[in-house]
Every structure is written in C-alpha cells, then in structure tokens.
Number of protein chains: 2
Amino acid sequence: MSVMTVQLAGRLARRGDVALGDRCAVDRTFQVVGNRTAMLLLREAFYGATRFEQLVKRVGVTEAVASQRLKELVAAGVLAKQPYREPGQRTRFEYVLTPAGHELVPVLLGLLQWGVRHLPDPTGQVAVTHDGCGAEVRAALRCADGHDVEEDEVVIRGDVAR
Amino acid sequence: MSVMTVQLAGRLARRGDVALGDRCAVDRTFQVVGNRTAMLLLREAFYGATRFEQLVKRVGVTEAVASQRLKELVAAGVLAKQPYREPGQRTRFEYVLTPAGHELVPVLLGLLQWGVRHLPDPTGQVAVTHDGCGAEVRAALRCADGHDVEEDEVVIRGDVAR
DNA sequence: CGGCTGGCTTGAGATGTCCATAGCCAGGAC
DNA sequence: GTCCTGGCTATGGACATCTCAAGCCAGCCG
C-alpha cells in the first residue's frame, strides 16, 4: 500500500502516466448517474415528483427504461422506494431522494446552470436564482470547515494498493 | 411567451405534468459532458494533462474515441485547442480548459467526491480535501452575492415560449 | 532519402441505452 | 366475477459509444 498525494492544479504529483488519487471514483459515480435518464429522474425527484407514472411522464421516457434506471438508483442509494397509501387505494410505492441523493443536488444544479449559461435554449430563457436575494446560483466547492475552496486549493489524496 | 416560476423543493409550481423552468438545460449539458470519456477527459484536463497522447493514456480510452470527444469538447467551448512548440519540435496542439471548462470543475469534483463517499473503492481509499485546513471538500451552491444557498432556496424561473 | 513519433482517421464488431409495442399482475370499483 | 388503473416486465430494433486494429500525414533525425 503506497500513499500518493495529488496536488492541483498544475503542480500535479503523478507516477508514470496513471491518474493517482482518484483512479475511478468518477467512473463509479458515472455508472449510476452518467446517463440521461438517471440524471433527469434525479432532476424530477428533486423537483418533487415521487410516483412512477409521474416520473415517466415528466422525464419523457418509456416505462421500461424508467423502471430499469429507478432500480439502479435505488440500488445505489440515491433514491428510496417507500410504501404509501392514499385513502381508498391500495399500497403503492413512491421514490424519494435519500440523504445521499440530496448530496447530488449541487451536481445536478451545476449541470443545469452550466447549460443555461453556455448552451442557451433559443426558444426560452431560464434563470437559476437564490430565493432571498435573486442573484444567480452556481455550483461551488466548500470544505467541511465552511471555507470556500478554490480550484487550486483542492488536494486529492489516494491510498492506492499496487 | 409565458413566465412561470418553479419554487423548490416540494412547493413546486407546475402546469400539467411538464417540467417548467428547466425543460432541457440538463439535457443540453449532458449532450456535451454526459458520457464517460468526456467527463474523464475533463478530469484529466483539470489534473493538468494537455497533450493528446497524455490524455489518451490517462483516460485509458482509444485514440479514436479521444479524438472524437475532444473535438466535441472544443466545439462546446469546454476545452481550447492551442498551438505550442517545444524547442526543436514542430508546432503541436494542446488542450486546455477554457473559463467555461473551469466552471464545470465543481460538478466534476462533486461527482468524484460523491463516488468517494458513497461508492467506495475496495482496493484503495481516496480523500478530497481543502489544502489549507484538511477538511473534506464537497460541491455546494452559492449565489453571485456570495450567500450559501440551500436546496429549498433555489428558484428556477423560466420564460418558456409555448 | 527512409524511419520514427505525435496526432490523428477509418472500419468492423461488441455493448449499452434508447424507443415502441405488448403483456402481466394486484387490488379496488362495479 | 369482470373491468380498470398503476406499476411494472418482455421483446425487437435503432442508434450511440466503446474496443481493436490498421493506416495516414507532417516533420525532425540520421
């Protein structure tokens, strides 16, 4: 077990040409939310849709695909499948964001906002703003101590078995 | 042109079952960085790789795919293809993040950190920390006025032609 | 000149993700 | 019981993306 520190940006410690530190965390996350349907399901869950039919209609995907992706999202711990019963109805299931799912919201809104800024839709304009002050919202980096973190202050450290 | 406000979360204004406000910004962004190779190329560009051969080797993808994705990323304004010349060499090109590309870094690191937290790699451990204080780094939302923005303080407002 | 290297391009085949359509099942409503 | 609805599952085909393998071109090196 060797320990390697990757200091960003530009001052990158590497051994050979292999990406150290990360290796495959981005890959693994992408296995879960790296497809259109999963990301749109996540968006709709964030917007407040919970029921299967609702999700299918809003995402605009077939039931087969929605079913498959929802299963994967539940397995990955992004969504939870919870029973609920409306009066006079049988027990059904709804899909709600787990705490881990909520942690993906900055990523989701980062993608949304980036598209709004850099790939504008010619047929309509969208703004993502802060409810209190009306200013534009963007994804940023913050550390657990509450500091704003700039790109060059990020350290990715990996204890990678070799 | 009608204007609709989508207030999150749970207190969502909708008309019918169509997602308002966003419509397709997430989709459009996903056209650019919604595939494994593009995201990994972005990661390596962030880590400091610039040359074609370097990117190919580190991402672990074939030259054909790398060439294709790099072209798309350049077309989308995420990377810039710049000429450079090492002494005694002919002019070559390097790929560097544009300002728009740098704006995707919080998204990229958000995905990375989410994978580190929720999909741990059994063969090694990785940490993403703040250089100054050593605390864990995560993606968060911040508005242009500098406020921290919570999930339920986000307003997505769309002027959507119908 | 011919060889080598970096930076691609092209083609064939595997795999993944999508859509459309159809069908299954449980449990109220009748 | 039969119908209907919500929530899936199954099949087939289209298209995107990946891999492997081969080849092309520019320019420096000998």
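Reckoned from all heavy atoms, side chains included, excluding hydrogens, waters and symmetry mates. A note on names: the letters A, B, ... follow the listed sequences, proteins ahead of strands, and every chain is numbered from 1.
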Visitor: Check the distance between C:dC8's P and B:L55's CG and give it to me in whole angstrom.
Guide: 10 Å
Visitor: What donor-acceptor contacts under 3.5 angstrom involve side-chain atoms of residues 70-83 of chain B, with partners at least two apart or in another chain?
Guide:
from	atom 1	to	atom 2	distance (Å)
B:E72	OE1	B:R69	NH1	3.1
B:E72	OE2	B:Q68	NE2	3.2
B:E72	OE2	B:R69	NH1	2.8

Visitor: For B:G60, report the nucleic acid contact type (base, sugar-phosphate, nothing); a contact means any heavy atom under 4.0 Å.
Guide: sugar-phosphate
Visitor: Check ring-ring contact (aromatic ring centres under 6.0 Å, His included) between A:H102 and all other residues, then give those that pass, not counting sequence neighbours.
Guide: none
Visitor: Between B:Y95 and C:dC8, is there a contact of a side-chain N or O with OP1 or OP2 at under 4.0 Å?
Guide: yes
Visitor: Quick one: do A:R43 and A:R58 satisfy side chain to side chain contact (heavy atoms under 4.5 Å, CB included)? Show the steps, please.
Guide: CA-CA 10 Å; A:R43 182 188 68 182; A:R58 291 183 181 177; over 6 Å; no
Visitor: Applying a 4.0 Å non-hydrogen cut-off, can you work out what B:V56 is touching in the nucleic acid: base, sugar-phosphate, or nothing?
Guide: nothing
Visitor: Considering only heavy atoms, which members of residues 62-70 of chain A lie under 4.0 Å from some atom of DNA chain D?
Guide: A:E63, A:A64, A:S67
Visitor: Going by side chain to side chain contact (heavy atoms under 4.5 Å, CB included), name the residues that satisfy it together with A:A66, two or more places apart in sequence or in a different chain.
Guide: A:F52, A:V56, A:V61
Visitor: What nucleotide, of D:dC18, C:dG6, D:dG7, holds the atom closest to the side chain of B:R36?
Guide: D:dC18
Visitor: Atom CZ of A:F93 and atom P of D:dC8: how far apart are they, to the nearest Å?
Guide: 8 Å
Visitor: Under 4.0 Å between a side-chain N or O of B:K71 and OP1 or OP2 of C:dC8?
Guide: no
Visitor: Between B:R92 and A:A38, which is nearer to the 5' end of DNA chain C once each is assigned its nearest nucleotide?
Guide: B:R92
Visitor: Report the distance from atom CD of B:Q31 to atom C1' of D:dT17, rounded to the nearest whole Å.
Guide: 13 Å
Visitor: Side chains of B:H130 and A:V154: closer than 4.5 Å at any heavy-atom pair?
Guide: no
Visitor: Take the protein atom CD of B:Q54 and the nucleotide atom C1' of C:dC8, then report the distance between them rounded to whole Å.
Guide: 16 Å
Visitor: Is there side-chain contact between B:D131 and A:V149, with heavy atoms separated by less than 4.5 Å?
Guide: no
Visitor: Grab the CG-C1' distance between B:L41 and C:dG7 for me, whole Å please.
Guide: 15 Å
Visitor: Taking CD in B:E103 as the centre, count heavy atoms belonging to other residues, nucleotides or ligands within less than 6.0 Å. Is the count above 12?
Guide: yes
Visitor: Taking atom types as modelled, find out whether A:E44 and A:Q54 have a side-chain donor-acceptor pair closer than 3.5 angstrom.
Guide: no
Visitor: Just the rounded figure in Å: distance from C1' of C:dC18 to CE of A:M39.
Guide: 17 Å
Visitor: Kindly write out the residues that satisfy salt bridge (Lys or Arg N to Asp or Glu O under 4.0 Å) with B:R51, not counting sequence neighbours, or none if the list is empty.
Guide: B:E86
Visitor: Any side-chain heavy atom of B:P106 within less than 4.5 Å of one from A:P106?
Guide: no
Visitor: Identify the pairs formed between an N or O of the protein and an N or O of nucleotides 25-27 of chain C at a distance under 3.5 Å, and give each distance.
Guide:
from	atom 1	to	atom 2	distance (Å)
C:dA26	N3	A:R90	NH1	3.2

Visitor: A:F52 has an atom CZ; how far is it from atom P of C:dC24, in whole Å?
Guide: 18 Å
Visitor: Between B:K57 (NZ) and C:dG7 (P), how many Å, whole number?
Guide: 11 Å
Visitor: Ignoring the backbone of A:E53, work out which of D:dT17, C:dG7, D:dG6 is nearest its side chain.
Guide: D:dG6
